[in-house]
Amino acid sequence: IKALQLMNKNNPANSFSIEARKEAFRRAEASLFLSSKDPKGSSFFNEIKTKVINGELTYEEAKREVLNYHIEQSKNQNKRG
């Protein structure tokens with residue numbers, strides 16, 4: 001996760017090469033896997049990952065999208081529950 005945090009507003013995603021962004025995700029995914037939180041099968045995660053790697057989203061923008069996604073998921077679960 002720390003590797004991805006380097007891609008914040010002070011370090012726009014475009015200042016990193018695609019390879020550097022891929023490596024940051026590789027490290028973050030390894031860390032999440034070791035914590036039993038492997039997101040690789042999630043289409044939402046893969047979409048966000050692709051956008052960050054391609055420079056379409058910064059880390060901060062991706063973080064907001066993920067937070068909003070989880071808030072919506074939580075609201076939907078509460079409606080069903």
Side-chain angles (χ1 to χ4, degrees):
I1 300 294
K2 291 209 181 243
L4 290 177
Q5 290 172 342
L6 294 173
M7 293 184 222
N8 62 28
K9 288 292 183 190
N10 297 326
N11 296 310
N14 291 336
S15 68
F16 290 90
S17 71
I18 287 177
E19 289 307 314
R21 286 179 246 151
K22 285 181 182 178
E23 177 62 15
F25 268 97
R26 187 193 67 74
R27 290 180 184 194
E29 289 168 345
S31 176
L32 288 168
F33 178 79
L34 292 173
S35 301
S36 299
K37 299 175 185 172
D38 188 5
K40 286 184 185 177
S42 164
S43 59
F44 175 76
F45 171 79
N46 289 324
E47 179 183 336
I48 295 295
K49 174 182 171 179
T50 298
K51 287 181 178 181
V52 171
I53 288 172
N54 290 332
E56 298 170 39
L57 289 177
T58 65
Y59 168 75
E60 290 297 322
E61 292 166 335
K63 190 166 79 170
R64 269 194 306 278
E65 286 206 24
V66 169
L67 178 61
N68 290 335
Y69 173 81
H70 286 290
I71 289 170
E72 284 301 313
Q73 292 295 323
S74 178
K75 286 179 183 177
N76 289 338
Q77 267 187 333
N78 289 336
K79 287 179 184 176
R80 285 179 263 167

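Along the sequence shown, residues carry numbers from 1. Basis for what follows: all heavy atoms, side chains included, without hydrogens, waters or symmetry-related copies.
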Can I get a per-line list of side-chain donor-acceptor pairs under 3.5 Å for residues 66-74, giving both atom names and the distance, sequence neighbours left out?
unit_1	atom_1	unit_2	atom_2	d
N68	ND2	R64	O	3.3

Distance (rounded to the nearest 0.5 Å) between [X] [atom1] and [Y] [atom2]:
{"X": "F16", "Y": "T58", "atom1": "CZ", "atom2": "OG1", "value": "11.0 Å"}
{"X": "I48", "Y": "K63", "atom1": "CD1", "atom2": "NZ", "value": "13.5 Å"}
{"X": "S17", "Y": "E23", "atom1": "OG", "atom2": "CD", "value": "10.0 Å"}

_Can you give me the closest heavy-atom contact between A62 and V52, atom names plus distance?_
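Nearest heavy atoms, A62 then V52: CB-CG2, 3.5 Å.
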_Donor-acceptor pair, distance only, cut-off 3.5 Å: does the side chain of D38 make one with the backbone of K40?_
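Side chain of D38 to backbone of K40, a donor-acceptor pair under 3.5 Å: yes, one is there.
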*asked:* Can you list everything that forms a salt bridge (Lys or Arg N to Asp or Glu O under 4.0 Å) with E65? Sequence neighbours excluded, please.
replied: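 Salt bridge (Lys or Arg N to Asp or Glu O under 4.0 Å) check on E65 returns nothing, list empty.
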_Any side-chain heavy-atom pair of R21 and I18 under 4.5 Å_ = yes
*State whether E29 and R26 are salt-bridged, where the test is any N-O pair (Lys NZ or Arg NE/NH1/NH2 against Asp/Glu carboxylate O) under 4.0 Å.*
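The answer is no: the pair does not qualify as a salt bridge.
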*Test ring-ring contact (aromatic ring centres under 6.0 Å, His included) applied to F33 - qualifying residues, sequence neighbours left out*: none
